[in-house]
Amino acid sequence: MTGFARYYLGLIRDLFTNIGLFFKNLFEAFANIFYHDIVSYINNFIGATQQFNLLDWLVAFIVLSINIIFFIFLGLKLYQWLTRYIKFVKKEIEKETLLEEVAFLNDKTVELIDEKNKILALKVSNLGLSPHGEEIPELLEEETKVPSRFVKLIQVDEKYKSYVSQVQMSETDMINLRQLVDRFINFSASRLGLFYDHKIIRSFFAGLAASKTMILEGISGTGKTSLPYAMGKFFGKDADIVAVQPSWRDRAEMIGYLNEFTKRFNETDFLKALYETTYREDINIIVLDEMNLARVEYYFAELLSLLEMPDPNEWWLDVTPDSQPGDPKHLVNGKILLPQNVWFVGTANKDDSTFTITDKVYDRATPIEINAKANFIDAPDTEGVRMSYDYLRGLYSQAYKDHPISLKALENLAKLDDFITDNFKVTFGNRIMQQIRLFVPVYMATGGTENEGLDFMIARKIFRKFEALNLPFLQDEIEELSRVIDRLFGRGQFAESQAYLDNIKRQF
């Protein structure tokens, strides 16, 4: 016992002695740096100046001035960082205090509701009414109902309480893809006064098969926004048009966010439109108008990643971190399961007020360029269609069976891929090849040809990547690529691709 006590006291004494030596040495180091050594620095400088000539003095003045300015700058930066840190800590403390007050008020609210229920029950008893009557429980339920933090989504729940989700299609609505294209063109011309050529509409329906995201781009006034608007009218479910704002910096601008102080969710029109599609079985389109006024990959990246998952049952979009009583019916654990019957169509202009859409976005979407208005069509009066998503998906499945890409075309695509990879260091990739396999059969089923579908995808998905290359140094390769396309697919077959390459050549 005595031996251990002597050892332990010695250990404590040595520990505190070492701590004292640490602070002593630390203080001595600061004293040497900022007092003793400064004196020696000055003395050394005075001694060295005895040998200085005019050039030495000039250099010394410049170097010392830079050093002094650097130390002043460093001191100001340290002061700014320290000030910011103090302000940050102060704000966090105030925030914690406010959160505690909000939590306290919430607890008081619950207590008041309980007290009100007790008073109401006492009144019922004094009136001699049976606590098992029909009207009183309804009154109690209404009085104790928990207010929801989602106002707009609860309105959607109320709207669809008695809604029959099944789409009743008539025989005239059960048409094939070619008829669907013709009927839409006639409908938009006769009912809406909007005119589109067959190639654009074929590309649109094939694009719906290839991707859940579509980009309509081109010069202003060519009908980019009116196309999905007309599609909504055609299918009997108006497209929801959401105007993208330049201030959008992240998903919260598009989806919304939970206000920690009010405990209410700031719902957006996009979230409401998306939630409404969970009740429907028809075809739904959500338009992001002027989508490149903000950086698309900032606010839309999460949805792009979700839609890339092969299993639609994993398309869960996070809305809130938890679930609470009173939340909307289709909000499960704070998440919404993206339905398969919704497509996101973005419109984009190319001017100085917009951002460039990156390859990450283009690779996952189907881009369609609209740079000219279609000619007037004297179409007969035509009605729209009532069509379920399952029926449209069945049309697509039938197109894959009836119009698979030929083996010859796949071999030529592989050869073209090898040439582009070797000469331009750009490749098709598995994602783009999968989109081609989905796009081309549907394009053929709508009345187009295989080469037209391949031409569209190569010009829009592959050649677009050339914009990032140093093209003036690739003149010979561009010329050879043009000849390779004619040799593989036939002269005049790939009109869009050749036009794209010709446009590049004119820039040399």
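In this structure, the side chain of Asn292 does not engage the main chain of Ala348 through any donor-acceptor pair within 3.5 Å. Counting only distance, with no hydrogens or angles, the side chain of Ser190 and the backbone of Ala379 share no donor-acceptor pair below 3.5 Å. In this structure a side-chain-to-backbone donor-acceptor pair under 3.5 Å is missing from Asp486 to Arg483. Under a 3.5 Å cut-off, the side chain of Gln435 and the backbone N or O of Asp363 do form a donor-acceptor pair. Formation of a donor-acceptor pair under 3.5 Å by the Asn259 side chain with backbone atoms of Thr262 is found in this model. Under a 3.5 Å cut-off, the side chain of Asn333 and the backbone N or O of Lys335 do not form any donor-acceptor pair. Between the side chain of Asn371 and the main chain of Ile219, a donor-acceptor pair closer than 3.5 Å is present. Judged by distance alone, the side chain of Arg249 and the main-chain N or O of Pro246 form a donor-acceptor pair under 3.5 Å. Listed for the Lys350 side chain is no donor-acceptor partner under 3.5 Å among the backbone atoms of Thr356. For the pair Tyr391 (side chain) and Ile175 (backbone), a donor-acceptor distance under 3.5 Å is present.
Residues Phe235 and Asp282 fail the side-chain proximity criterion, which asks for heavy atoms closer than 4.5 Å. Side-chain contact check for Phe150 versus Thr320: some heavy-atom pair is nearer than 4.5 Å. Phe439 places none of its side-chain heavy atoms less than 4.5 Å from the side chain of Leu454. The side-chain heavy atoms of Lys461 and Pro367, taken from C-beta on, include a pair separated by under 4.5 Å. Between Phe456 and Arg460, some side-chain heavy-atom pair lies under the 4.5 Å cut-off. Counting heavy atoms from C-beta outward, Leu331 and Ser323 have side chains that stay 4.5 Å or more apart. Looking at heavy atoms from C-beta onward, Ile336 lies in side-chain contact with Leu271 at the 4.5 angstrom threshold. By the 4.5 Å heavy-atom criterion applied to side chains, Val296 and Phe355 are not counted as neighbours.
Between Phe184 and Phe205, the ring planes lie perpendicular to each other; the angle is over 60°, past the 30° to 60° tilted range. In this pair, Tyr275 and Tyr279 present their aromatic rings perpendicular. The plane angle is above 60°, beyond the 30 to 60° band. Ring planes of Phe344 and Phe300: perpendicular class, angle over 60° (limits at 30 and 60°).
Nearest heavy atoms, Leu481 versus Phe424: CD2-CE1, 4.0 Å. Scanning both residues, Glu450 and Ile405, for their nearest heavy atoms gives OE2-CA, 3.4 Å. Scanning all heavy atoms of the two residues, the minimum distance from Tyr196 to Gly223 falls at OH-O, 3.7 Å. Here the closest non-hydrogen pair linking Pro328 and Leu153 is CG-CB, 3.4 Å. Pairing each heavy atom of Gln245 with each of Ala294, the nearest pair is O-CB, 3.5 Å. When all heavy atoms are compared, the tightest approach of Leu413 to Phe428 is CD2-CE2, 3.7 Å.
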Side chain to side chain contact (heavy atoms under 4.5 Å, CB included) evaluation trace for Leu501 with Ile485
CA-CA 11 Å; Leu501 296 180; Ile485 291 175; 4.1 Å; yes
Go through the steps for Leu488 and Phe494 under the test side chain to side chain contact (heavy atoms under 4.5 Å, CB included), then give the verdict.
CA-CA 10 Å; Leu488 290 175; Phe494 272 39; over 6 Å; no
Any chance you could lay out the side-chain hydrogen bond (donor to acceptor under 3.5 Å, both in side chains) test for Asn284 and Glu276, step after step, and finish with the verdict?
CA-CA 9 Å; Asn284 297 264; Glu276 187 171 356; over 6 Å; no
Go through it in stages, so that I can follow the logic: the residues are Asp322 and Arg149, the test is salt bridge (charged side-chain N to carboxylate O under 4.0 Å, His left out), and I'd like the CA-CA distance, side-chain angles, deciding distance and then a yes or no.
CA-CA 12 Å; Asp322 60 359; Arg149 50 186 176 169; 3.3 Å; yes
May I have the step-by-step check of side chain to side chain contact (heavy atoms under 4.5 Å, CB included) for Trp315 and Met309, ending in yes or no?
CA-CA 7 Å; Trp315 293 357; Met309 294 183 180; 3.8 Å; yes
Could you walk me through whether Val332 and Trp316 pass the side chain to side chain contact (heavy atoms under 4.5 Å, CB included) check?
CA-CA 9 Å; Val332 180; Trp316 288 99; 3.9 Å; yes
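In this structure, Asp502 pairs ionically with Lys505, as a charged nitrogen and a carboxylate oxygen lie closer than 4.0 Å. Contact check on Lys199 versus Asp197 returns no salt bridge, with no Lys/Arg side-chain nitrogen under 4.0 Å from an Asp/Glu carboxylate oxygen. For the pair Asp269 and Lys152, the salt-bridge criterion is met [side-chain N within less than 4.0 Å of a carboxylate O]. A salt bridge does not link Asp240 to Lys272: none of the charged side-chain nitrogens sits closer than 4.0 Å to a carboxylate oxygen. Under the 4.0 Å criterion applied to side-chain N and carboxylate O atoms, Asp238 and Arg280 are not assigned as salt-bridge partners. By the 4.0 Å N-to-carboxylate-O rule, Glu302 lies close enough to Arg251 to be salt-bridged with it.
In this structure, Leu208 CG and Thr213 OG1 are separated by 11.0 Å, a value rounded to the nearest 0.5 Å. The CZ atom of Arg183 lies 12.5 Å from the OG atom of Ser188; values are rounded to the nearest 0.5 Å. In this structure, Ser397 OG and Leu392 CG are separated by 9.5 Å, a value rounded to the nearest 0.5 Å. To the nearest 0.5 Å, atom CD1 of residue Ile436 and atom CD1 of residue Ile458 are 6.0 Å apart. To the nearest 0.5 Å, the span separating CZ on Arg178 from CG on Leu180 amounts to 12.5 Å. The OG1 atom of Thr277 sits 10.5 Å away from the NE2 atom of His330 when rounded to the nearest 0.5 Å.
More than 12 heavy atoms of other residues, nucleotides or ligands shown are found within 6.0 angstrom of CG on Asp422. Counting non-hydrogen atoms of other residues, nucleotides and ligands closer than 6.0 Å to CZ of Arg191 gives a total above 12. Crowding of Glu480 atom CD: a count of heavy atoms from other residues, nucleotides or ligands under 6.0 Å exceeding 12.
Counting only N and O atoms by type, the side chains of Ser170 and Asp173 include a donor and acceptor under 3.5 Å apart. For the residue pair Asn176/Gln398, the side-chain donor-acceptor check at 3.5 Å is not satisfied. Using modelled atom types and a 3.5 Å distance limit, the side chains of Asp417 and Thr427 yield a donor-acceptor pair. Side chains of Thr278 and Tyr160: no donor on one and acceptor on the other come within 3.5 Å. Between the side chains of Thr354 and Asn349, no donor-acceptor pair is found at a separation under 3.5 Å.
For Tyr500 and Phe466, the ring centers sit 6.0 Å or farther from each other.
Under the ring-ring contact (aromatic ring centres under 6.0 Å, His included) test applied with Trp248, the options Phe270, Tyr298, Tyr299 reduce to a single match, Tyr299.
Remark: Arg393 is not positioned above the aromatic ring of Tyr389, lacking an NZ or CZ atom under 6.0 angstrom from the ring centre and at most 45 degrees off the axis.
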